[in-house]
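Following: one structure in structure tokens, then a few remarks.
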Amino acid sequence: MIDVTENIRAASQRIRALEQEYGRPEGTVSLLAVSKRQSIAKIREAAAAGVVNIGENYLQEALDKKQELADIPQLVWHFIGPIQSNKTRGIAETFDWVHSVDRAKIAKRLNDQRPVDQGPLNICVQVNQSAEESKSGTTSSEASELCQQIAELPNLTLRGLMAIPAATDDEAAQHRAFSVLADLFQSLQTSHPDMDTLSMGMSNDYAAAIAEGSTMIRLGTALFGPRQSRIRQV
Ligand SMILES: *Cc1c(COP(=O)(O)O)cnc(C)c1O
């Protein structure tokens, strides 16, 4: 049996301990609970345990869940999956944050389709340092131009960077990848001092991410257990 409440308590405690260990001020690392292919019951349990930030990868699944969870208005919805052009309207209308913007065309569409009365959409630029063709994300060298383009769009607020380094159990490699991202983040902050979010670290590598400066870790299986193989996925 997965005990979501206990997992959240334990993860929150570990985050506070890691902040202390690495000299990060208390509360600088926030928790994003990644609920793709997890049940409504588990998300409710997470919300009852104090989780506010919810991450989803698939628009249709998120639309269904948001409707079912409409009685918990304090939830903040983060889109973290690859973005197809034909999904931007739904994403712009449904989410509070998008972590996976990797090209100007998508940023422009999100800006144009964001309902003005909902306020600006919070944006992180997804960076793919390993520059694998198959993966989403802009290259480090293109990130600066994309950040500038986003900063000029009135219905978007540039919040920072997101990355998913190659999964590895090699802790030194985890630290190296996250430290490259942290350096890029800091250098972009000279042009964009209001950027405050470095979204990096998942269930398997969040300790290294916190050590290197993450401000938001995205935990799925560590909180909710294994994902269901298919749940209304689009
Ligand atoms: C699924 C997913 C996560 C969560 O992964 P876990 O290994 O289950 O913690 C985090 N970030 C992104 C972008 C994801 O797609």
Side-chain angles (χ1 to χ4, degrees), residues 4-36 38 42-43 45-57 74-81 95-101 122-127 129 137 143 147 157-169 171-189 192-225:
V4 174
T5 305
E6 168 55 22
N7 290 347
I8 287 165
R9 194 203 56 73
S12 304
Q13 196 173 52
R14 177 119 194 269
I15 293 166
R16 298 288 91 86
L18 289 161
E19 284 173 346
Q20 217 170 30
E21 180 177 347
Y22 294 108
R24 311 278 315 276
E26 188 177 336
T28 27
V29 180
S30 45
L31 172 62
L32 172 54
V34 177
S35 52
K36 62 166 177 261
Q38 304 284 1
K42 283 183 176 177
I43 303 175
E45 193 175 343
V51 162
V52 176
N53 294 301
I54 296 290
E56 287 283 343
N57 293 54
Q74 71 269 26
L75 293 180
V76 176
W77 292 81
H78 299 246
F79 191 84
I80 62 174
F95 285 84
D96 304 295
W97 286 68
V98 181
H99 290 229
S100 43
V101 173
N122 296 293
I123 302 291
C124 292
V125 166
Q126 184 175 350
V127 177
Q129 313 147 269
C147 283
T157 300
L158 177 66
R159 296 299 296 266
L161 301 181
M162 184 275 256
I164 314 172
T168 171
D169 290 328
E171 284 182 27
Q174 293 176 359
H175 280 267
R176 275 196 302 277
F178 289 133
S179 114
V180 169
L181 287 161
D183 287 348
L184 177 64
F185 181 62
Q186 278 189 1
S187 81
L188 292 169
Q189 274 179 322
H192 305 285
D194 293 339
M195 271 195 347
D196 58 4
T197 303
L198 185 51
S199 166
M200 61 183 195
M202 307 179 15
S203 295
N204 191 45
D205 56 13
Y206 71 92
I210 291 173
E212 300 300 337
S214 171
T215 70
M216 193 178 284
I217 57 170
R218 308 180 308 269
L219 302 187
T221 49
L223 305 182
F224 297 116

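Bear in mind the structure is a predicted one, so any value in this text is a computation, not a measurement.
Considering only residues two or more places apart in sequence or on other chains, Asn204 meets the side-chain contact (heavy atoms from CB on, under 4.5 Å) condition with Asp169, Gln174. By the side chain to side chain donor-acceptor pair (under 3.5 Å) test, Gln20 is found to be paired with no residue, residues two or more places apart in sequence or in another chain being considered. With sequence neighbours left out, Ala49 forms a side-chain contact (heavy atoms from CB on, under 4.5 Å) with Thr5, Ile8.
Of the candidates His99, Gln126, His78, Ser199 forms a side chain to side chain donor-acceptor pair (under 3.5 Å) with just one, namely His99. Shown are Leu32, Val34, Leu75; of these, the side-chain contact (heavy atoms from CB on, under 4.5 Å) with Asn53 is made only by Leu32.
In this structure, Ile217 and Val29 have side chains that are in contact, with non-hydrogen atoms separated by less than 4.5 Å. Side-chain atoms of Val125 and Met162, non-hydrogen and from C-beta on, never get closer than 4.5 Å to each other. When side chains are defined from C-beta on, Val76 counts as touching Trp97, because their heavy atoms get closer than 4.5 Å. You'll find the side chain of Thr215 stays beyond 4.5 Å of the side chain of Asp196, heavy atoms only. Put simply, the side chain of Met202 reaches to within 4.5 Å of the side chain of Ile164, judged on heavy atoms. The side-chain heavy atoms of Leu198 and Phe178, taken from C-beta on, include no pair separated by under 4.5 Å. With a 4.5 Å cut-off on side-chain heavy atoms, Ile43 and Glu56 count as touching.
Within the model, atoms OG of Ser179 and CE of Met200 stand 8.0 Å from one another, a figure rounded to the nearest 0.5 Å. The distance from atom CD of Gln186 to atom CE of Met195, rounded to the nearest 0.5 Å, is 10.0 Å. Between the NZ atom in Lys36 and the CD1 atom in Ile54 there is a gap of 13.0 Å [rounded to 0.5 Å]. How far CZ of Phe185 is from OG of Ser214: 9.5 Å, rounded to the nearest 0.5 Å. The SG atom of Cys124 sits 11.0 Å away from the CD1 atom of Ile80 when rounded to the nearest 0.5 Å. Taking CG of Leu161 as the reference point, atom CE of Met216 lies at 12.5 Å (rounded to 0.5 Å).
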> Could you go step by step and tell me if Ile210 and Ile15 meet the side-chain contact (heavy atoms from CB on, under 4.5 Å) rule?
Replying inline: CA-CA 8 Å; Ile210 291 173; Ile15 293 166; 4.3 Å; yes
>> Using side-chain contact (heavy atoms from CB on, under 4.5 Å), reason through Leu31 and Leu223 one step at a time and then give a plain yes or no.
In response: CA-CA 10 Å; Leu31 172 62; Leu223 305 182; 4.2 Å; yes
>> Pair Arg16, Glu19 - check salt bridge (Lys or Arg N to Asp or Glu O under 4.0 Å), show working.
In response: CA-CA 5 Å; Arg16 298 288 91 86; Glu19 284 173 346; 2.9 Å; yes
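The shortest non-hydrogen separation linking Ala222 to Ser203 is N-OG, 3.0 Å. For Ala163 against Leu181, the heavy-atom pair with the smallest separation is CB-CD1, 3.3 Å. When all heavy atoms of Cys147 and His192 are compared, the closest pair comes out as CB-NE2, 3.7 Å. Nearest heavy-atom pair across Tyr206 and Ala11 is OH-CA, 4.4 Å. Residues Phe79 and Phe95 approach most closely at N-CD2, 3.2 Å, considering heavy atoms.
With Arg24 contributing its side chain and Glu212 its backbone, the two residues share no donor-acceptor pair below 3.5 Å. Between the side chain of Lys42 and the backbone N or O of Phe224 there is at least one donor-acceptor pair closer than 3.5 Å. In this structure a side-chain-to-backbone donor-acceptor pair under 3.5 Å is missing from Thr197 to Gly160. Remark: the backbone N or O of Asp96 is paired with a side-chain donor or acceptor of Asn122 at under 3.5 angstrom. Panel note: side chain Gln129, backbone Ala177; a donor-acceptor pair is recorded below 3.5 Å.
Summarising the local packing, CD of Glu26 is surrounded by 12 or fewer heavy atoms from other residues, nucleotides or ligands at distances under 6.0 Å. Atom CD of Glu21 has more than 12 heavy atoms from other residues, nucleotides or ligands within 6.0 Å.
Taking a cutoff of 4.0 Å between a charged side-chain nitrogen and a carboxylate oxygen, Glu6 and Arg9 qualify as a salt bridge.
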